Amino acid sequence: MTLEDLPSPETRRWVASRKAAVVAAVRQGLLSEEAACARYSLTAEELDSWRSALEEHGVGALRTTRLQLYRAT
């Protein structure tokens with residue numbers, strides 16, 4: 001994976017596959033958490049929620065329409 005494989009920094013529509021790519025880039029050390037948040041205008045909490053959802057439930061949990069189903073209570 002390279003920076004060219006990642007979503008554009010201007011991305012405004014976050015589909016599950018794009019979220020998963022950003023999480024994978026952070027996991028693999030391609031981007032630091034801080035760099036990913038700055039590049040995509042994300043909060044640390046938002047990136048962390050993507051990582052948690054992906055780890056616990058897979059890519060499907062990153063779909064906006066599924067948030068309530070997978071949200072921790």
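All figures in this text were calculated on a predicted structure; none of them were measured in a lab.
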Please report the closest heavy-atom contact between [X] and [Y], naming both atoms and the distance.
| X | Y | value |
| --- | --- | --- |
| Ala21 | Pro7 | CB-CD, 4.2 Å |
| Ala25 | Leu6 | CB-CD2, 3.6 Å |
| Val26 | Ser32 | CG2-O, 4.2 Å |
| His57 | Ala61 | CB-CB, 3.5 Å |
| Arg63 | Ala16 | CG-CB, 3.9 Å |
| Leu30 | Leu3 | CD2-N, 3.8 Å |

Spell out, as yes or no, whether a donor-acceptor pair under 3.5 Å connects the side chain of [X] to the backbone of [Y].
| X | Y | value |
| --- | --- | --- |
| Lys19 | Leu62 | yes |
| Tyr40 | Ala35 | no |
| Ser52 | Asp48 | yes |
| Arg18 | Arg13 | yes |

Requested in this report: Could you please spell out the steps behind the side-chain contact (heavy atoms from CB on, under 4.5 Å) verdict for Val23 and Glu55?
Outcome: CA-CA 10 Å; Val23 171; Glu55 289 173 358; over 6 Å; no
Query raised in the report: So does Glu56 pair up with Arg51, basic N to acidic O under 4.0 Å?
Result: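 Salt bridge between Glu56 and Arg51, a charged N being under 4.0 Å from a carboxylate O: no.
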Query raised in the report: Between CD of Glu33 and CZ of Arg27, what distance do you get to the nearest 0.5 Å?
Result: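 Result: 11.5 Å between the selected atoms.
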Query raised in the report: In Å and rounded to the nearest 0.5 Å, what is the SG to CG distance from Cys37 to Leu42?
Result: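 Taking SG in Cys37 and CG in Leu42, the distance rounds to 5.5 Å.
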Requested in this report: Establish whether Trp50 and Val59 are linked, either directly or via other cluster members, by ILVMFWY side-chain heavy-atom contacts under 4.5 Å.
Outcome: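 Yes: a chain of side-chain contacts under 4.5 Å links Trp50 to Val59.
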